[in-house]
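So the structure is just underneath, and the comments pick up after that.
Every chain is numbered from 1, with letters handed out A, B, ... down the list of sequences. Keep in mind the model is a prediction, meaning the values are calculated, not measured.
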Number of protein chains: 2
Amino acid sequence: MKSLVSRCPIEEVMQVLSGRWPTLLIYYLKDGTKRFSDLRRDNPTVSHRILTHELRKLEKAGIVQRTVFDGYPLRVEYDLTAAGTALVPLIDAIAGWWDAHDAARDPAAEPSAAERAAAVP
Amino acid sequence: MKSLVSRCPIEEVMQVLSGRWPTLLIYYLKDGTKRFSDLRRDNPTVSHRILTHELRKLEKAGIVQRTVFDGYPLRVEYDLTAAGTALVPLIDAIAGWWDAHDAARDPAAEPSAAERAAAVP
DNA sequence: GCGTGGTGACAAAAAAGTGCGTAATTTACA
DNA sequence: TGTAAATTACGCACTTTTTTGTCACCACGC
């Protein structure tokens with residue numbers, strides 16, 4: 001998703017929240033301050049390159065706060081901003097929606113297989 | 001985003017909602033039934049191949065309902081399912097959050113340029 | 001020949017992963 | 001006491017994987 005195609009805010013948010021990592025990172029960060037290496041440990045499948053990219057994206061979007069401590073083995077901390085914290089319950093709501101609607105879907109697997117209608121308008 | 005990396009529902013939802021199109025399509029569909037060509041007209045930059053892909057993905061996720069009418073110039077209609085309709089306010093909430101937090105961010109552009117701390121832990 | 005709603009092959013573009021290098025300092029060990 | 005190695009958070013160049021776009025094609029009836 002390189003550039004925007006509509007002037008719609010939805011597309012703008014999705015540009016920053018799209019993908020596997022942004023929401024997952026927000027989730028790990030809602031428990032409090034994390035360092036780069038903490039986040040890598042939290043999800044070992046992310047490469048450091050991508051992790052920096054994603055964190056920078058979230059920082060630019062005003063969702064996370066990046067704090068650099070000058071020093072010896074170098075240290076950077078990441079936290080959610082106020083806006084980021086405000087976003088958490090909204091993501092929660094969507095996760096909840098998914099669970100609810102998943103539960104309704106699972107039992108019979110694919111009951112709507114042959115749902116086609118022949119109508120004469 | 002090929003496969004899942006966590007067992008977390010958030011990652012699952014994002015797998016279907018990620019990208020420019022899913023949320024936009026949900027938005028166009030919330031106004032009511034649309035046909036394939038309507039959706040193409042609504043967003044002319046999407047290729048027909050991607051549009052079918054996205055619609056199928058949303059269908060499999062139980063968010064949209066696809067109805068084929070046998071007949072003459074061939075006709076397919078797309079609507080939101082109940083679950084899809086339930087999702088709309090949640091996406092709205094996120095769009096609203098974005099607007100609010102964008103408004104708070106815009107005026108001064110980038111005031112947090114040199115926010116670094118030198119602390120002794 | 002047009003419009004409808006697709007499918008499939010192939011190519012281009014974008015995103016993601018890999019490995020190496022960097023800084024300054026502490027610690028490990030001989 | 002000197003030297004080597006590790007730590008942390010990346011940046012850069014390169015390759016691989018994934019996504020997206022393009023084009024051609026299908027059937028159907030008008």
Side-chain angles (χ1 to χ4, degrees), chain A residues 1-5 11 14-22 24-25 28-29 33-60 64-79 115-121, chain B residues 1-5 11 14-22 24-25 28-29 33-60 64-79 115-121:
Chain A
M1 197 159 53
K2 207 76 217 214
S3 54
L4 294 171
V5 120
E11 197 190 340
M14 289 316 290
Q15 198 169 29
V16 10
L17 296 185
S18 272
R20 197 203 322 281
W21 306 116
L24 284 180
L25 291 177
Y28 285 116
L29 286 172
T33 302
K34 295 263 181 171
R35 299 178 52 178
F36 188 82
S37 45
D38 294 332
L39 292 169
R40 288 215 66 189
R41 268 186 287 273
D42 285 338
N43 19 234
T45 59
V46 71
S47 68
H48 67 276
R49 190 172 155 282
I50 297 303
L51 185 55
T52 34
H53 274 26
E54 297 287 356
L55 287 168
R56 293 284 205 278
K57 193 171 66 172
L58 291 172
E59 191 196 0
K60 262 194 289 201
V64 312
Q65 162 91 39
R66 181 168 175 271
T67 314
V68 181
F69 294 86
D70 293 348
Y72 343 92
L74 188 53
R75 189 173 153 195
V76 182
E77 287 186 354
Y78 294 92
D79 307 86
E115 275 177 344
R116 46 170 59 209
V120 196
Chain B
M1 198 158 53
K2 207 75 218 216
S3 53
L4 295 171
V5 122
E11 196 190 338
M14 290 316 291
Q15 196 170 31
V16 10
L17 297 184
S18 272
R20 197 204 322 282
W21 305 117
L24 283 180
L25 291 177
Y28 284 117
L29 285 171
T33 302
K34 295 262 182 171
R35 299 178 52 178
F36 187 84
S37 45
D38 294 332
L39 292 169
R40 290 216 62 190
R41 268 185 288 274
D42 285 337
N43 19 233
T45 59
V46 70
S47 68
H48 64 279
R49 191 172 155 285
I50 296 304
L51 185 54
T52 33
H53 274 26
E54 297 287 357
L55 286 168
R56 292 285 203 278
K57 193 171 67 172
L58 291 172
E59 192 196 358
K60 263 193 289 200
V64 312
Q65 162 91 38
R66 180 168 175 269
T67 313
V68 181
F69 294 86
D70 294 347
Y72 345 92
L74 188 52
R75 188 176 156 196
V76 181
E77 287 186 353
Y78 292 92
D79 307 86
E115 275 177 343
R116 50 170 55 212
V120 196

Original post:
Does a nitrogen or oxygen in the side chain of R56(A) sit under 4.0 Å from OP1 or OP2 of dC10(D)?
Top reply: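 True: R56(A) side-chain N/O within range (under 4.0 Å) of dC10(D) OP1/OP2.
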
Original post:
Does OP1 or OP2 of dT8(D) have a side-chain N or O of Y78(A) closer than 4.0 Å?
Top reply: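 It does not, given that no N or O in the side chain of Y78(A) lies less than 4.0 Å from OP1 or OP2 of dT8(D).
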
Original post:
Roughly, in whole Å, what's the span from CZ in R35(A) to C1' in dC10(D)?
Top reply: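 Rounding to the nearest Å, CZ of R35(A) and C1' of dC10(D) are 13 Å apart.
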
Original post:
Tell me: CG of L55(A) to C1' of dG11(D), nearest whole Å?
Top reply: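 Result: 15 Å.
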
Original post:
For L74(A) and V46(A), take the nucleotide of DNA chain C holding the closest heavy atom to each; which residue's nucleotide lies nearer the 5' end?
Top reply: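 Mapping each residue to its closest nucleotide by heavy atoms, the 5'-most match is V46(A).
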
Original post:
Toward the 5' end of DNA chain C, which comes first, H53(B) or S47(A), by nearest nucleotide?
Top reply: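 Comparing both residues, the 5'-ward one is H53(B).
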
In terms of side-chain heavy atoms of [X], which of [options] is nearest?
X      : options                  : answer
R41(B) : dG6(C), dT4(C), dT8(D)   : dT4(C)
S37(B) : dC10(D), dG17(C), dT4(C) : dT4(C)
R49(B) : dG5(C), dA9(D), dA9(C)   : dA9(C)
I50(A) : dT8(D), dC10(C), dG17(C) : dG17(C)
R66(B) : dC10(C), dC12(D), dG6(C) : dG6(C)
P73(A) : dG17(C), dT7(D), dT20(D) : dT7(D)
E54(B) : dT4(C), dT20(D), dG11(D) : dT20(D)

Original post:
With E59(A), which of E54(A), R66(A), Q65(A) fulfils side-chain contact (heavy atoms from CB on, under 4.5 Å)?
Top reply: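 Single side-chain contact (heavy atoms from CB on, under 4.5 Å) partner of E59(A) among E54(A), R66(A), Q65(A): R66(A).
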
Subject >> Short side-chain to backbone donor-acceptor contact, E11(A) and L24(B), under 3.5 Å >> reply: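 Answer holds: no.
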
Original post:
Closest approach of L39(B) and Y28(B), non-hydrogen atoms and distance?
Top reply: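 Looking at all heavy atoms of both residues, the closest pair is CD2-CB, 4.0 Å.
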
Subject >> Nearest heavy atoms of D42(A) and K34(A), plus distance in Å >> reply: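 The answer is OD2-NZ, 2.9 Å.
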
